[in-house]
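A quick write-up on the structure given underneath.
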Amino acid sequence: MRRLTVLGATGSIGVSTLDVVARHPDRFEVIALSGHRQIDRLAEQCIAFAPRFAVVADTASATRLQALLAGKVGTEVMHGADALERIASLPEVDTVMAAIVGAAGLRPTLAAARGGKRILLANKESLVMAGGLFMREVADHRASLLPIDSEHNAVFQCMPAAGRAGVRRILLTASGGPFRRTPIADLADVTPEQACAHPNWEMGRKISVDSATMMNKGLEVIEAHWLFDTPAEHIDVVIHPQSIVHSMVEYVDGSVLAQMGNPDMRTPIAHALAWPERVESGVSPLDLAAASDLVFERPDLDRFPCLKLAFEALRAGRGTPAVLNAANEVAVAAFLEHRLGFRAIADVIAATLESLPDQPADTLEQVFAADAAARVRAREIIGAIT
Ligand code: NAD
Ligand code: MG
């Protein structure tokens with residue numbers, strides 16, 4: 001029996017996780033859930049899974065959740081960032097799904113590492129911000145890390161069982177998002193609704209915009225660097241619009257191993273939940289004969305400048321990826337609020353990176369300082385251009 005905390009239970013990944021969990025009541029027990037401000041959905045989840053703890057953003061949300069649960073389930077409701085760290089490190093929990101979006105996920109995910117948990121990592125931003133620190137905590141506390149991001153889960157499945165011997169390259173596939181064929185001149189005017197209409201995946205709004213700019217793939221290159229201890233030169237990005245091949249590993253003998261499946265996050269979630277076993281996920285079987293042609297192309301860095309910025313940030317190292325991540329979060333939020341154009345997202349990130357080169361990131365305090373400085377700077381830049 002695995003005992004779970006699901007951080008970000010009310011989001012796209014959280015909901016898919018609970019869908020898989022509900023199929024296997026004999027294997028998984030939910031001990032704690034977090035939901036920030038989506039209280040109605042979190043209340044339904046608490047009633048369905050009867051967790052011991054639920055964590056929300058603030059006292060107002062806590063009061064609302066308590067009222068919705070009264071007389072139905074004995075879940076203890078807590079609130080705030082410390083409570084997230086607490087449910088990530090409970091002694092009775094062995095597995096933590098880290099599915100909070102953005103930098104807010106870093107502290108609780110680190111708490112799970114320090115608690116020696118099996119971490120199912122969806123929150124790629126924590127590795128982008130603090131990869132070196134994070135991997136050290138995982139090793140020091142004998143935690144384990146299983147990737148949920150579909151590309152990294154695919155790479156994990158295609159890697160040798162032990163070590164990296166014979167591996168030449170990691171090939172991360174990318175759908176290219178909704179604007180793969182949009183004339184570049186038209187990109188300045190695309191709306192948040194168009195950017196969030198991903199052709200293959202249903203996701204939260206932030207990662208949907210990241211997919212449209214391909215910053216998502218850039219963050220994933222940095223994530224792959226840390227997860228698989230692989231330098232930027234050995235990580236390539238391939239556009240594959242059908243999202244059937246989820247990523248590949250190339251070996252020195254010329255073999256390329258790919259993991260395939262329908263684009264449904266329940267596959268990597270079920271894989272990581274049950275690893276090293278396999279369980280039903282509810283995902284329909286892949287019908288290759290019915291699938292359209294599988295196409296692969298090189299990404300166009302003029303169309304997707306964010307991908308280039310992320311590769312550069314990885315090469316620069318130190319606090320630069322944290323600056324990249326924070327500037328991106330601020331720019332994407334401004335775009336979603338119609339305060340910034342789509343093409344300007346990359347401009348804001350580039351200008352922020354330029355004004356904050358080589359930030360230190362040896363300690364968590366330094367990482368958060370780089371993150372905070374980048375947010376201030378990005379907001380100033382947005383203020384100046386809008
Ligand atoms: P989402 O927006 O649907 O859900 C985010 C979750 O985080 C919600 O439960 C929300 O309540 C919670 N949350 C938001 N802000 C918070 C804060 N400040 N403090 C605490 N909790 C907060 O996002 P998602 O699409 O489920 O993505 C979650 C993570 O998984 C992201 O890091 C994303 O990059 C990654 N991921 C998602 C997908 C996908 O298919 N959705 C695929 C790969 C990786
Ligand atoms: Mg991904």
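Just so it is clear, the model here is predicted, and its values are computed rather than measured. Order of appearance sets the numbers: ligands from 1, and atoms from 1 within every ligand.
No other N/O/S atom of D149 lies as close to the Mg ion (ligand 2) as OD1 does.
Using cut-offs of 30° and 60° on the angle between ring planes, the pair H246 and W201 is tilted. Using the six-membered ring where Trp is involved, H240 and F296 have ring planes that are parallel, under 30° apart on the 30 and 60° scheme.
Across every non-hydrogen atom of F311 and A232, the tightest pair is CE2-O, 3.9 Å. In plain terms, the two heavy atoms of T17 and M97 that are nearest each other are OG1-CE, 3.3 Å. Residues P321 and I222 come closest through the heavy atom pair CB-CD1, 4.2 Å. For P299 against V237, the heavy-atom pair with the smallest separation is CD-O, 3.3 Å. For the pair P147 and A272, the tightest heavy-atom approach, listed with the atom from each and the gap, is O-CB, 4.5 Å.
Ligand 1 has no nitrogen or oxygen under 3.5 angstrom from a nitrogen or oxygen of R205. Considering backbone and side-chain atoms together, L84 places no N or O closer than 3.5 Å to any N or O of ligand 1. Considering backbone and side-chain atoms alike, S34 places every N or O at 3.5 Å or more from each N or O of ligand 1. Taking any N or O of G11, backbone or side chain, at least one lies under 3.5 Å from an N or O belonging to ligand 1. At under 3.5 Å, a nitrogen or oxygen of Q38, whether backbone or side chain, sits near a nitrogen or oxygen of ligand 1. Residue G14 places no N or O, backbone or side chain, under 3.5 Å from any N or O of ligand 1.
Within the listing of ligand 1, atoms 17 (C), 18 (N), 19 (N) sit less than 4.0 angstrom from a heavy atom of A104. With ligand atoms numbered from 1 in the order given, ligand 1 contributes 26 (O), 30 (O), 37 (C), 38 (C), 39 (C), 40 (O), 41 (N), 42 (C) to contacts under 4.0 Å with heavy atoms of I13. Close approach of ligand 1 to G35 is summarised as follows: ligand atoms under 4.0 Å from at least one heavy atom of the residue are 11 (O). The contact set between ligand 1 and I207, taken as ligand atoms under 4.0 Å from a residue heavy atom, comprises 25 (O), 33 (C), 34 (O), 36 (N), 37 (C), 38 (C), 42 (C), 43 (C), 44 (C).
Of the candidates S208, G102, A122, A122 brings a heavy atom nearest to atom 35 (C) of ligand 1.
Checking each of T5, L7, V56, V6 against S34 for a side chain to side chain contact (heavy atoms under 4.5 Å, CB included) leaves exactly one that passes, namely L7. H198 pairs in a side chain to side chain donor-acceptor pair (under 3.5 Å) with only one of the listed residues (S175, S208, S243), which is S175.
Using a 4.0 Å cutoff on heavy atoms, A99 counts as a contact of ligand 1.
From the protein, the heavy atom lying nearest to atom 22 (C) of ligand 1 is H36 CG, 3.5 Å.
Centred on the Mg ion (ligand 2), the angle running from E220 (OE2) to E151 (OE1) is recorded as 100°, rounding to 10°.
The cationic group of R86 lies under 6.0 Å from the six-membered ring centre of F53 and within 45° of the ring axis, placing it in a cation-pi geometry.
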